[in-house]
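The figures here come from the full heavy-atom set of this structure, side chains too, leaving out hydrogens, waters and symmetry mates. Position 1 is the first residue of the sequence; numbering continues from there. Keep in mind it's a predicted model, so treat the numbers as computed, not measured.
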Amino acid sequence: MNRVKGKIPLFAAKLVLFILGLVVLAMGAVSMMKAALGASSWDVLHIGLSGLSGLSVGIWVQIVGILMIGIACILDRRLPKIGSIANIVLIGFFVNIFLASSIIPSVSAQWARFAELVAGIVLMGVGSGMYVASGLGAGPRDGITLTLVRLTGKSVRLVRTCLEGTALFLGWIAGGPISFGTFLSVFLVGPVMQASLRFWTAQVRRWERSLLPVIAVERPEQTSQLAEKVS
């Protein structure tokens, strides 16, 4: 009974973390866009396609993401998970909200633009770590990366680098904004995301130990092994 009662607030806490992570990630992406010093690799593609089609950047975030989820599902021969679809739909929605509002300002001073760029990179890394730690829905890039790793036998790093490079190349052809901030994000988002993921994974474990005491007592060895893998 305690386990059943604990699952509801645990899921609610993870859901809040998942949504907040997507909000923070979207804020970071838009901060980079408004700094106008180079968008992240995939947003170069989204912005380029938006300029060519007239559709909003957020819509293209959703279209590209859904296409990637579809390709991964075809290759894996499985149906998409609800969390993954919610992931990409919500990110596109939040990106459009932040682009249309003045919550994230457009600054003109060079130092302020650089500060906004760095803030955007940090926010993207923090937000990514938050939603991944929730375990409620992987992003489309994560899903297709793991699918291609399984099919090709190549490393995650190599497959992800190829995907990022392809998105950047297509975005450049489409006229997306590439500058030094684009390449800065390639090197900085990963480390920030890793630190965020480690922190929030630890928080989720604490919630599980607090809300699911029966599991924590019955399977201490499994909990310990999981902690070692992530840390």
Side-chain angles (χ1 to χ4, degrees), residues 18-19 21-76 79-108 113 116-117 119-121 123-125 127-128 131 137-145 147-148 159-186 189:
F18 175 73
I19 294 175
L22 298 182
V23 171
V24 173
L25 175 58
M27 289 180 66
V30 173
S31 293
M32 287 189 65
M33 294 178 200
K34 291 197 173 185
L37 293 174
S40 64
S41 301
W42 286 93
D43 286 329
V44 170
L45 176 60
H46 300 144
I47 295 170
L49 292 172
S50 176
L52 291 175
S53 66
L55 296 175
S56 70
V57 175
I59 291 295
W60 275 111
V61 169
Q62 295 169 338
I63 292 174
V64 172
I66 289 174
L67 285 174
M68 293 177 68
I69 291 174
I71 292 172
C73 289
I74 291 173
L75 294 175
D76 282 339
L79 294 175
K81 294 182 179 180
I82 297 297
S84 296
I85 296 176
N87 179 306
I88 200 63
V89 171
L90 288 174
I91 289 179
F93 175 72
F94 293 140
V95 165
N96 275 345
I97 287 179
F98 290 129
L99 281 174
S101 69
S102 58
I103 296 175
I104 300 173
S106 296
V107 293
S108 56
R113 292 170 62 194
E116 190 167 49
L117 169 70
I121 292 174
L123 288 172
M124 286 188 70
S128 297
Y131 90 74
R141 281 168 281 182
D142 302 321
I144 199 167
T145 295
T147 296
L148 293 176
V159 171
R160 190 57 174 261
T161 299
C162 290
L163 286 173
E164 296 286 331
T166 300
L168 189 60
F169 177 70
L170 294 175
W172 174 68
I173 292 176
I178 298 177
S179 187
F180 80 94
T182 303
F183 303 99
L184 190 64
S185 69
V186 171
V189 169

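Checked by atom type and distance alone, the side chain of Thr145 pairs as donor or acceptor with a backbone atom of Arg141 at under 3.5 Å. For Thr182 (side chain) and Ser40 (main-chain N/O), no donor-acceptor pair under 3.5 Å exists by modelled atom type.
Proximity of Ile104 to Glu116: side-chain heavy atoms (C-beta onward) are separated by under 4.5 Å at one or more points. For the pair Trp42 and Leu163, the minimum side-chain heavy-atom distance is below 4.5 Å. When side chains are defined from C-beta on, Asp43 counts as touching Met33, because their heavy atoms get closer than 4.5 Å. Using a 4.5 Å heavy-atom threshold, the side chains of Ile103 and Val30 count as separate. Contact of the Met32 side chain with the Ser185 side chain is registered, since non-hydrogen atoms from C-beta on lie closer than 4.5 Å.
Scored by the side chain to side chain donor-acceptor pair (under 3.5 Å) test, Ser31 finds no partners at all (sequence neighbours excluded). In this structure, the side chain to side chain donor-acceptor pair (under 3.5 Å) partners of Ser41, at least two apart in sequence or on a different chain, are Glu164. Residues forming a side chain to side chain contact (heavy atoms under 4.5 Å, CB included) with Leu170 (at least two apart in sequence, or on another chain): Leu45, Thr166. With sequence neighbours excluded, no residue forms a side chain to side chain donor-acceptor pair (under 3.5 Å) with Asn87. With sequence neighbours left out, the salt bridge (charged side-chain N to carboxylate O under 4.0 Å, His left out) criterion links Arg113 to no other residue. Contacts of Ser128 classified as side chain to side chain donor-acceptor pair (under 3.5 Å), with partners at least two apart in sequence or in another chain: none. Qualifying side chain to side chain contact (heavy atoms under 4.5 Å, CB included) partners for Leu75, counting only residues two or more places apart in sequence or in other chains: Ile71, Thr147, Leu148, Leu151.
Contact record, Pro140 with Gly65: CB-O, 3.4 Å, taken as the closest heavy-atom pair. The two atoms that bring Ile69 and Pro80 nearest to each other are CG2-CB, 3.7 Å, heavy atoms only. Tyr131 and Phe18 make their closest contact through CB-O, 3.8 Å (heavy atoms, listed as atom of the first residue, atom of the second, distance).
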Original post:
What do the steps show when you test Leu55 against Ile63 for side-chain contact (heavy atoms from CB on, under 4.5 Å), and what is the final call?
Top reply: CA-CA 10 Å; Leu55 296 175; Ile63 292 174; 4.1 Å; yes
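Enclosure of atom CZ in Phe180 by more than 12 non-hydrogen atoms of other residues, nucleotides or ligands within 6.0 angstrom is indicated.
Expressed to the nearest 0.5 Å, how far CG of Leu168 lies from OG1 of Thr161 amounts to 12.0 Å. The line from CG of Leu22 to CE of Met27 is 13.0 Å long, rounded to the nearest 0.5 Å.
The side-chain hydrogen bond (donor to acceptor under 3.5 Å, both in side chains) contacts involving residues 57-71 comprise Ser53-Trp60, where partners must be two or more places apart or lie in separate chains. Within the structure, no pair that satisfies the salt bridge (Lys or Arg N to Asp or Glu O under 4.0 Å) test touches residues 168-178, not counting sequence neighbours.
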In a table with atom names and distances, give each donor-acceptor pair under 3.5 Å that connects a side chain of residues 88-99 to protein atoms at least two apart or in another chain.
{"from": "Asn96", "atom 1": "OD1", "to": "Ser56", "atom 2": "OG", "distance (Å)": "3.2"}
{"from": "Asn96", "atom 1": "OD1", "to": "Gly58", "atom 2": "N", "distance (Å)": "2.9"}
{"from": "Asn96", "atom 1": "ND2", "to": "Ser56", "atom 2": "OG", "distance (Å)": "3.0"}

